[in-house]
Number of protein chains: 2
Amino acid sequence: MTVALNKTDKATQILNGALQEFLAHGYAGTSMDRVATTAGVSKPTVYNHFQDKEGLFRALVQKIARERFQIKFNSETFGDAPAESLPRLLALMVDTIADDDDYQNFVRLVIGESGRFPELARTFVTYLSKPGLELMQDYLEQHAEFSDADSQALAQIIIGSVVYMCLTQYILHGRDIMPLSKERYIETMIGLMLKSPRTDVAHQS
Amino acid sequence: MTVALNKTDKATQILNGALQEFLAHGYAGTSMDRVATTAGVSKPTVYNHFQDKEGLFRALVQKIARERFQIKFNSETFGDAPAESLPRLLALMVDTIADDDDYQNFVRLVIGESGRFPELARTFVTYLSKPGLELMQDYLEQHAEFSDADSQALAQIIIGSVVYMCLTQYILHGRDIMPLSKERYIETMIGLMLKSPRTDVAHQS
DNA sequence: GTCTATATCTAGATAGAC
DNA sequence: GTCTATCTAGATATAGAC
């Protein structure tokens, strides 16, 4: 009766322990001993639920990418004039990353292992990068100001600048070396986005 | 007489072996045994030149960041009209990253270890990210079209979009999931950059 | 300075009791 | 299904000969 419940609990327990350990020590730096201890179970129990270390790691990363770090908001939250809503959207994206140590460590882990676990990197792109991109793309397409642009490419450029900022400032600890405040970044980005639509200056009118 | 020479050779030999191993297997996944074998020396020789595994890793990353992956060109190479020179500069940056597997693995390694070796991440920012940023900033400041912008923030936005593209497409293997060709990216970026300078649209004129 | 050989420990994974 | 106890391999690091 409580069997199914207990089984689920143990699996969740193990995944929670594994998450802590892998986030803190990386894939190769994590031992199954410590996973078991942190999860509060014995090592054979871990191996009873997951085939081996690789299997546990794969299951963990896929679960976390699909469930825990999913985007919680959508583009309709940001419906009004871009001069106001775009700064809000960008600030929310920066803050969401900057305030979440677990997410930063998850990014470190996935990028660090992306050479040895390419399919996990693709899971990350599918469930985290792409939805973020689509959110931005939807936003752009809902605003007439940007209708003449390649919204997919433009969305990648905007998201890219947000992510790079978080990468250098927080993940790579570069705040003192390459300082850039959120405010300055956003103001400059808005300036770029809200210039007059092009009159074919790009093709030397 | 040949002592100094030999010592240098051995140290270089060890660093070369260590580079291969760390790039392929990460920090924790690399064994000193394999470093020694790949370098063609014995293990005690490795320990004779470097205090321990951490010391070797730190020396290696710092050397590689300072020497091997330094930017080889400067902004004066791109002196003419932005409509032509900016696409060339962006394409060169993308290609430089896309064609260099070692560099991609170095990025994976540094980001992956940035939580446990923050000072190495800062070395990376200092010797690789920042010079790239300054190259772009110099370029922007040499062109009157961009003189009214915050060139440092703008440079981070541009570099950020380049790096993010390389990160998702190549490092995270996302080409099939979030496709974006170099040409489409560059064309869109140029379109953004070469719009008419703002006439205060941003503040709802 | 460099090697062979080794000490010591901890890793991933499992056998077998319950 | 879960545990205690254990196997085996491979890890970091070094002692001691040359």
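The chains referred to below are lettered A, B, ... by the order of the sequence lines, with proteins before strands, and numbering in each begins at 1.
Geometrically, A:K53 engages A:Y27 in a cation-pi contact, judged by NZ or CZ lying under 6.0 Å from the ring centre and within 45° of the ring axis.
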_Let's go through A:R108 and A:D101 carefully: what are the C-alpha distance in whole Å and the side-chain angles of both, what is the deciding distance for salt bridge (Lys or Arg N to Asp or Glu O under 4.0 Å) to 0.1 Å, and is it a yes or a no?_
CA-CA 11 Å; A:R108 290 186 178 109; A:D101 282 353; over 6 Å; no
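Between B:D52 atom CG and D:dA11 atom P there is a gap of 17 Å when expressed in whole angstrom units. As rounded to whole Å, 7 Å separates atom P of C:dG1 from atom CG of B:N48. As rounded to whole Å, 16 Å separates atom C1' of D:dT12 from atom CZ of B:F57. For B:D9 and C:dT2, the CG to C1' distance is 15 Å, given to the nearest whole Å. Atom CZ of B:F50 is separated from atom P of D:dT12 by 15 Å (rounded to the nearest Å). Distance NZ (B:K10) to C1' (C:dG1): 8 Å, rounded to an integer number of Å. Distance NE2 (B:H49) to C1' (C:dC3): 12 Å, rounded to an integer number of Å. Taking atom CD on B:E21 and atom P on D:dA11, their separation rounds to 10 Å, with Å as the unit.
Taking a cutoff of 4.0 Å between a charged side-chain nitrogen and a carboxylate oxygen, A:D176 and B:R122 do not qualify as a salt bridge. A salt bridge links B:R116 to B:E113: at least one charged side-chain nitrogen sits closer than 4.0 Å to a carboxylate oxygen. Taking the charged nitrogens against the carboxylate oxygens, A:R58 and A:E54 do have a contact shorter than 4.0 Å, which makes a salt bridge. In this structure, A:K130 pairs ionically with A:E134, as a charged nitrogen and a carboxylate oxygen lie closer than 4.0 Å.
Closest non-hydrogen pair, A:Y164 versus B:Q156, comes out as CD2-O, 3.9 Å.
Between B:Y47 and D:dA13, a side-chain N or O to OP1/OP2 separation shorter than 4.0 Å is present. Residue A:T45 has no polar side-chain atom (N or O) positioned under 4.0 Å from OP1 or OP2 of D:dG1.
Among C:dT2, C:dA13, D:dA11, the nucleotide with an atom closest to any side-chain atom of B:D33 is D:dA11.
The stretch residues 37-44 of chain A comes close to DNA chain C through A:K43, A:P44, each having a heavy atom under 4.0 Å from the strand.
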